[in-house]
Amino acid sequence: MAEQGGPSGGRPEGRGRQRPSGPDRARGGARGPRRRSATAPSARTRRAEPTRFAAYTLLRGVADGAYANLELPAILRRHRLDGRDAAFATELGFGTIRWQGFYDAVIADAAGRPLTRIDPQVLDVLRLGAHQLLGMRVATHAAADQTVGLATVVAGAGAGGFVNAVMRRVSERDLEQWREAVVPPGGGAVSLGVRHSHPEWVVTALRASLLGHGRATAATVDAELEALLEADNDPPRVHLVARPGLSSVAELVAAADAEPSALSPLGVVLRGGDPGAVAAVREGRAAVQDEGSQLLAVALARAEVAPGAPARWLDLCAGPGGKAGVLGALAVEAGADLTAVEVSPHRAELVRRTLAALGRHADGLGRRIEVRTADGRELGEDEPEAYARVLVDAPCTGLGALRRRPEARWRRQPSDVAALAPLQRALLASALDAVAPGGVIGYATCSPHIAETRFVVSDVVKRRRDVEVVDARELFTDAAGRPVPGLGDGPYVQLWPHVHGTDAMFFALVRKLT
């Protein structure tokens, strides 16, 4: 519980009007029109409304290490939220996480104290309140009333008074006025990081990625970077994939409020509704999967392999099973088996559940879908030259999937890039050993970071004389069979949120020489 007058209790530091800081100080402290709540503090609610409490529960779970996209469905079920209530809780929770960096700057200014002097529970409540005021169409009095009620429930009456005062200060400016107040001038990585709610190091890494992958030049990179950061904060649309042989695009369109994907030949885009309500999804014949992820699996299946290559395909890092589901279905259609390898027992079990329907389908056709709990770094030595196609969906920082996993931007650190590098190289090297002569390896990440993409492939390939990188762009065609534009200058393929509407995906195709 927060104590009144402590770091999370009482009123913001100082009495009366808060001293302006940052750009506000340079303008003499000018403020926008005051938008006080019509509800007096004594009349405010002392309970937590279910949708807001659900969003708060999500933020606390993320703070404890949970993944937001995995945590939210269970929270919604626990609070019995569906329809508009579930949509509100989802936007409130995910939107707050996306914009946390910007809201923290606003809260620190409005509270007149550093965030380290605000109780973490109360800080999460204030972040939710700031998003309602600045990022959602919630009336000021409702946002303030419900935020104070939530604070009172989770942290005590003293916290409620403090939150009331901070919310009143936040409501005195609109979004643009707060941007003017808290975004540092200059337009560099620090400025862009606050404005678009990304850590400074991520902004710098994304800028280098745009240049390094040939997406931008020195003359265009600033505009490209701004567009990419904006796209990271757009809530993603829900994409479904129809697993070949088990379901179809037509079935999904007929069963849901959906339209065929313009990008993926196997995908549909939900206009609304719960994907879990779609029978094919519940039964494992279809799944929620980003369009870019679908395209990578399709591209590997389309790549030419030498005649006589083994009728065995391999997903070397299969958890949680999305790409394995598409790749396995395409393998069965092609008369091949799929082995899916995952080092984590928990994630391997997720893969087994995801592929259960596919496994039954494969059995009926005399093919095999096998899921192993094993270390992919050792498989190349254990089974040399045993597979025709190998997918290495390498563990990475996930900087390309910040729309779907917004907490990753706050959780990841620059040191994670270096820590993952040996694992990524070892997995690719193992895949090169596991593939048969004339076979192909697809190396993929959902990060555009140069150190996780081009550098990994070039470092591993240059140590061998029996492999070559080939241009994979012709393997990427949209639902109408047309080449997907904007993939880069080859031989590597790069998908971008602000260009393709997908997660940022990297794909390199490597061929084992005969």
Side-chain angles (χ1 to χ4, degrees), residues 51 54-55 58 67-77 79-95 97-98 136-137 231-298 320-326 329 350 353-354 357-358 400-406 446 478-480 484 495-505:
T51 58
L58 178 65
Y67 293 97
N69 63 323
L70 301 179
E71 188 82 353
L72 181 63
I75 292 174
L76 296 178
R77 288 193 297 270
H79 289 276
R80 299 180 180 178
L81 299 177
D82 55 20
R84 295 180 64 181
D85 286 343
F88 181 90
T90 299
E91 166 53 27
L92 180 54
F94 273 74
I97 295 170
R98 286 189 189 98
M136 300 177 71
R137 295 179 179 178
D232 274 350
N233 289 325
D234 288 337
R237 301 182 72 180
V238 177
H239 303 146
L240 303 183
V241 62
R243 291 174 173 165
L246 285 82
S247 62
S248 67
V249 169
E251 178 189 357
L252 297 181
V253 169
D257 182 13
E259 61 188 10
S261 165
L263 196 61
S264 169
L266 304 178
V268 305
V269 182
L270 284 188
R271 299 189 189 97
D274 178 11
V278 180
V281 174
R282 292 198 309 271
E283 295 164 4
R285 298 183 293 109
V288 176
Q289 186 174 4
D290 181 73
E291 289 170 307
S293 177
Q294 299 174 34
L295 286 176
L296 301 190
V298 171
K323 294 184 183 70
V326 176
L350 291 178
R353 295 176 192 170
T354 297
L358 176 60
L402 298 183
R403 300 175 309 147
R404 300 180 188 280
R405 303 184 187 97
C446 57
D478 64 18
V484 174
L495 298 167
W496 298 98
H498 65 299
V499 178
H500 303 98
T502 70
D503 293 342
M505 306 293 296

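All figures in this text were calculated on a predicted structure; none of them were measured in a lab.
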**Asked** Can you check whether Leu270 reaches Pro275 side chain to side chain, under 4.5 Å on heavy atoms?
**Response** yes

Which heavy atom of [X] sits nearest a heavy atom of [Y], and at what distance?
{"X": "Gln294", "Y": "Leu266", "result": "OE1-C, 3.7 Å"}
{"X": "Ala329", "Y": "Pro244", "result": "CB-O, 3.4 Å"}
{"X": "Ala262", "Y": "Asp478", "result": "O-CB, 3.3 Å"}
{"X": "Ala255", "Y": "Val278", "result": "CB-CG1, 4.2 Å"}
{"X": "Asn233", "Y": "Arg98", "result": "O-CD, 3.7 Å"}
{"X": "Leu246", "Y": "Gly284", "result": "CD2-O, 4.1 Å"}

Any chance you could measure [X], atom [atom1], to [Y], atom [atom2], to the nearest 0.5 Å?
{"X": "Leu81", "Y": "Thr51", "atom1": "CG", "atom2": "OG1", "result": "7.0 Å"}
{"X": "Thr90", "Y": "Asp85", "atom1": "OG1", "atom2": "CG", "result": "10.5 Å"}
{"X": "Arg137", "Y": "Glu91", "atom1": "CZ", "atom2": "CD", "result": "11.5 Å"}
{"X": "Cys446", "Y": "Leu495", "atom1": "SG", "atom2": "CG", "result": "12.0 Å"}

**Item:** Residues which pass side-chain contact (heavy atoms from CB on, under 4.5 Å) with Thr354, listed by chain and number, not counting sequence neighbours
**Value:** Arg243

**Asked** When you check the gap from the basic side-chain N to the acidic O, do Asp234 and Arg403 get nearer than 4.0 Å?
**Response** no

**Message:** Regarding Ser293 and Gln289, do their side chains bring together a donor and an acceptor under 3.5 Å, going by distance alone?
**Reply:**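 Yes, because at least one side-chain N or O of Ser293 sits under 3.5 Å from a partner of the opposite role on Gln289.
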
**His500: partners by ring-ring contact (aromatic ring centres under 6.0 Å, His included), with sequence neighbours left out** =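 Once residues adjacent in sequence are excluded, His500 has no partner under the ring-ring contact (aromatic ring centres under 6.0 Å, His included) criterion.
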
**Request:** Please test Leu240 against Val288 for side chain to side chain contact (heavy atoms under 4.5 Å, CB included), starting from the C-alpha separation and ending with a verdict.
**Result:** CA-CA 4 Å; Leu240 303 183; Val288 176; 3.6 Å; yes

**Request:** Tell me, with the steps shown, if Leu295 and Leu263 meet side chain to side chain contact (heavy atoms under 4.5 Å, CB included).
**Result:** CA-CA 8 Å; Leu295 286 176; Leu263 196 61; 3.7 Å; yes

